Number of protein chains: 2
Amino acid sequence: MAVTIYDVAKRAGVGIGTVSRVINESPQITAATKTKVLKAIKDLNYQPHALAQGLARKKTQMIAIVVPFFTGYFFNELLRGIQQEIFKYQYNLVLYNIDEGEQIDELLKKALRERRVDGALLISHQISDKIANKIKISSLPFVLVDSYHPSLDSIVVENKQGAFEATRHLIQLGHKKIGMIDGQLKSSPAKIRLEGFKQALLEYNIPFKKEYLVISDYITGQHGFNREAGYHAMKQLLKLAPNHPTAVFVSSDIQAVGAIKAIDETGLKIPQDIAIVGFDDIEIAEFLGLTTMRQPMLEMGKLAVQRLISKISNTASKDFKISFSTKLVIRNSCGALGHSRM
Amino acid sequence: MAVTIYDVAKRAGVGIGTVSRVINESPQITAATKTKVLKAIKDLNYQPHALAQGLARKKTQMIAIVVPFFTGYFFNELLRGIQQEIFKYQYNLVLYNIDEGEQIDELLKKALRERRVDGALLISHQISDKIANKIKISSLPFVLVDSYHPSLDSIVVENKQGAFEATRHLIQLGHKKIGMIDGQLKSSPAKIRLEGFKQALLEYNIPFKKEYLVISDYITGQHGFNREAGYHAMKQLLKLAPNHPTAVFVSSDIQAVGAIKAIDETGLKIPQDIAIVGFDDIEIAEFLGLTTMRQPMLEMGKLAVQRLISKISNTASKDFKISFSTKLVIRNSCGALGHSRM
DNA sequence: ATCAGTTTTGGAAGCCCTTCCATGAATTGA
DNA sequence: TCAATTCATGGAAGGGCTTCCAAAACTGAT
């Protein structure tokens with residue numbers, strides 16, 4: 001049987017309350033008793049039982065991160081930020097993988113009403129009003145990351161503005177036939193980036209052509225944000241030849257990777273024949289010379305943790321909507337640098 | 001205050017023991033009472049408190065996954081397998097990020113002696129005898145994935161054989177000047193792949209040249225398994241020109257991505273001037289036409305979870321050493337297919 | 001030495017479950 | 001019909017902690 005607080009108390013010749021106070025660094029403890037207790041703890045190699053502590057304190061020191069898919073490169077970077085920050089606060093991270101918005105319901109029940117975690121970060125999830133309401137009612141600390149709902153804390157990237165700028169960049173390079181490859185619209189960023197795309201066209205008086213928009217969904221599970229989906233989406237655009245777009249805004253770099261391959265295969269040149277702008281600035285974007293919109297993912301992760309923890313400890317300010325802006329990283333794929341090396 | 005088992009008992013007009021039995025699907029319960037209790041549970045929207053259950057049952061339904069770094073593409077795929085499997089068993093996954101082997105010590109203390117989790121998966125960690133011993137003593141269920149220790153359960157990939165075959169492939173293509181770019185040797189796969197590399201040279205009577213081995217460590221935190229590190233390592237090899245290797249075995253695809261870039265920049269051609277074989281078969285390997293050793297990561301993840309859970313429930317067989325074999329995926333970068341398209 | 005005030009300490013109660021044991025009801029057989 | 005079983009049920013005990021309250025141990029001034 002493991003050693004408990006009673007064993008420590010007995011060994012140190014004090015009461016359990018005193019031991020507890022030492023553990024929790026209560027100020028009202030004599031230096032002498034503190035030393036005694038500390039020694040006993042070390043002698044017995046005692047470690048408090050997290051569950052028992054959690055039960056008594058009504059705090060688990062755990063937070064949930066709920067992600068729609070794992071393959072995302074976006075998610076990787078975000079996770080790194082979250083992990084770095086969470087470590088500082090001595091919290092533990094529980095990972096949940098949820099694809100459909102409705103499953104959040106189930107999660108609320110399981111992980112949260114079970115009180116397994118003190119709060120949760122919801123990543124890249126489109127939140128319906130119904131779900132938002134349930135979250136509110138649950139009165140559990142929540143922070144949305146990379147998605148938005150008016151009644152919940154959210155940290156987002158300016159997807160609309162980013163998509164707008166990416167598209168505008170292509171327009172300013174002289175393109176008139178501009179396509180877009182997007183992810184499934186149930187993914188919130190996919191939906192919003194489409195809006196930005198459309199707005200740029202509108203503002204520059206370029207008619208939106210339905211056949212120039214391809215929602216990529218070749219395989220399921222990642223909302224179309226993957227390489228194959230991008231590849232097949234681009235194939236579809238290329239079928240429109242000779243009337244295919246001369247420029248394409250792709251809603252994620254990983255899709256762009258597939259799209260580039262598709263273009264490559266038909267013998268067309270990037271950017272001469274087709275210019276590409278992606279979104280995310282994932283690691284290989286630089287390698288590929290892919291022009292893209294960079295998202296400050298690491299920072300978002302850190303901020304999300306800070307906010308969540310301040311909510312958990314009730315020191316949170318009332319409202320919280322943070323919007324990170326994106327930054328256009330110009331490389332070769334858009335043609336702005338001339339036609340070098342692609 | 002949340003609703004407890006007492007509230008349910010009162011409402012259903014039964015004792016708490018009965019409610020508990022219903023929750024845990026004990027057989028000895030009348031259909032009638034079961035219905036009553038179930039109704040009360042639904043009426044009150046009752047959800048058992050995970051911590052209280054855990055305390056009473058001495059089981060947390062949580063398992064830890066301990067990874068040395070997050071950026072790894074390898075890890076992504078593995079995580080997917082783990083997640084899929086864990087979901088079936090109704091476990092929750094707690095994520096720990098640990099870089100140095102010695103930190104495992106601390107982890108053992110924190111997460112495990114705190115009994116926050118029922119067991120742990122240790123990913124890609126070099127385990128010293130000392131640590132292995134501590135793990136044994138802790139008597140907590142552990143499974144090593146992608147690393148090996150004689151006294152612990154391990155699931156590995158045949159790194160040595162894989163590296164051997166990758167190198168042999170290059171030898172059989174006629175190369176004599178063969179280099180290797182490896183990760184930090186404190187990473188277990190890095191160390192073992194080096195052995196396989198050396199053995200292949202030995203077997204084919206090619207002397208091992210120290211300057212042809214570069215341990216990549218440009219930035220820390222991922223044991224050299226990243227793009228920049230690969231880039232710089234290759235730069236170093238290229239400095240040996242005109243006596244640079246004509247073929248390089250790179251210990252991970254992501255490093256190979258960097259290496260390819262470095263080669264590209266000097267105007268050399270792959271595979272004509274330098275042939276490359278990687279390791280992992282990450283998503284973009286296909287895109288890049290990178291010849292590589294494929295690892296069955298998803299399967300490893302699933303198997304690891306199965307094994308861990310059977311250990312937790314004491315149904316585990318005595319010993320467990322599984323070795324997955326790798327598979328050479330031939331693409332353009334090695335030159336075996338001729339000199340197309342690179 | 002005494003008293004009031006202050007600080008430190010011990011331990012019961014409470015957090016919410018599971019499980020075991022005892023109880024009483026139902027069932028069986030003669 | 002009654003004793004002997006069997007079986008569902010209630011609830012105390014136990015799991016290991018925190019916290020509150022009361023008691024004990026101080027403090028220093030008289």
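Because the structure is a prediction, the values reported are computed rather than measured. Letters A, B, ... mirror the listed sequences (proteins, then strands); counts begin at 1.
- End-to-end axis angle of the helix from C:dA1-D:dT30 to C:dA30-D:dT1, using five pairs per end and rounding to 10°, comes to 40°.
- Rounded to whole angstrom, the span from the CG atom of A:Asp7 across to the P atom of D:dC17 amounts to 9 Å.
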- Test log, rule side-chain contact (heavy atoms from CB on, under 4.5 Å), inputs A:Val94 and B:Leu93: CA-CA 6 Å; A:Val94 189; B:Leu93 194 62; 5.6 Å; no
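- The CZ-P distance, from B:Arg115 to D:dG15, rounds to 12 Å in whole Å.
- Residues meeting the salt bridge (charged side-chain N to carboxylate O under 4.0 Å, His left out) test with A:Lys59, sequence neighbours left out: none.
- A straight line from NZ of A:Lys58 to P of C:dG14 spans 12 Å, rounded to a whole angstrom.
- For the side chain to side chain donor-acceptor pair (under 3.5 Å) test, no residue two or more places apart in sequence or in another chain qualifies with B:Asn133.
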Atom pairs and distances, side-chain donor-acceptor, residues 16-26 of chain A, under 3.5 Å, sequence neighbours left out:
from, atom 1, to, atom 2, distance (Å)
A:Ser20, OG, A:Asn24, ND2, 3.3
A:Asn24, OD1, A:Arg57, NH2, 2.7
A:Asn24, ND2, A:Ser20, O, 2.8

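- Between atom OG1 of residue A:Thr60 and atom OH of residue A:Tyr91 there is a gap of 7.0 Å, rounded to the nearest 0.5 Å.
- Checking side-chain atoms of A:Asp118 against main-chain N and O of A:Gln61 turns up a donor-acceptor pair under 3.5 Å.
- Sequence order on DNA chain D of the closest nucleotides to B:Pro27 and B:Ala56 puts B:Pro27 first from the 5' end.
- With D:dT9, C:dT18, D:dT19 as the candidates, the nucleotide lying closest to the side chain of B:Arg57 is C:dT18.
- In this structure, the side chain of A:Thr30 does not engage the main chain of A:Ala32 through any donor-acceptor pair within 3.5 Å.
- B:Lys321 pairs by the side chain to side chain donor-acceptor pair (under 3.5 Å) definition with nothing, not counting sequence neighbours.
- Look at NZ on A:Lys34: it is 18 Å from P on C:dT7, rounded to the nearest Å.
- Contact annotation: B:Thr33 side-chain N/O to D:dT9 OP1/OP2 distance is under 4.0 Å.
- Sequence order on DNA chain D of the closest nucleotides to B:Ile29 and B:Leu55 puts B:Ile29 first from the 5' end.
- Rounded to whole angstrom, the span from the CD atom of A:Gln28 across to the P atom of D:dC26 amounts to 16 Å.
- Residue A:Arg21 places a side-chain atom within donor-acceptor reach of the base of C:dG10, judged by atom type and a 3.5 Å distance cut-off alone.
- When only modelled atom types and interatomic distance are considered, A:Gln306 and A:Glu85 share a side-chain donor-acceptor pair under 3.5 Å.
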Taking N or O atoms only and anything under 3.5 Å, show me the protein contacts with nucleotides 4-6 of chain C, one pair per line.
none

Report, one line per pair, each donor and acceptor closer than 3.5 Å where one atom sits in a side chain of residues 144-152 of chain A; sequence neighbours left out.
from, atom 1, to, atom 2, distance (Å)
A:Asp146, OD2, A:Ser124, OG, 2.6
A:Ser147, OG, A:His125, O, 2.8
A:His149, ND1, A:Ser151, N, 3.2
A:His149, ND1, A:Ser151, OG, 3.1
A:His149, NE2, A:Asp129, OD1, 2.7

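- B:Gln61 places its CD atom 12 Å from the P atom of C:dT18, with the value rounded to the nearest Å.
- Taken residue by residue, residues 36-54 of chain A places no heavy atom nearer than 4.0 Å to DNA chain C.
- Legend: residues meeting side chain to side chain donor-acceptor pair (under 3.5 Å) with A:Lys302, ordered by chain and number and at least two apart, are A:Gln84.
- Nucleic acid contact for A:Thr30: sugar-phosphate only, since backbone atoms but no base atoms lie under 4.0 Å from a heavy atom of the residue.
- A:Val37 is not listed as a side-chain neighbour of A:Tyr46, based on a closest heavy-atom distance of 4.5 Å or more.
- When rounded to the nearest whole Å, the span between CD1 of B:Ile5 and P of D:dA12 equals 14 Å.
- Evaluation of the side-chain hydrogen bond (donor to acceptor under 3.5 Å, both in side chains) test over residues 32-42 of chain A, restricted to residues two or more places apart or in two chains, returns A:Lys39-A:Asp43.
- For the pair B:Ser20 and C:dC17, the criterion of a side-chain N or O lying under 4.0 Å from OP1 or OP2 is not met.
- Sorted by residue number, the members of residues 10-19 of chain A with any non-hydrogen atom under 4.0 Å from DNA chain C read A:Gly13, A:Val14, A:Gly15, A:Ile16, A:Gly17, A:Thr18.
- Taking B:Arg116 as the reference, B:Glu114 meet the salt bridge (charged side-chain N to carboxylate O under 4.0 Å, His left out) condition, with sequence neighbours excluded.
- Atom NZ of B:Lys59 and atom P of C:dC17 are 18 Å apart (whole Å).
- A donor-acceptor contact shorter than 3.5 Å is absent between the side chain of B:Arg80 and the backbone of B:Leu78.
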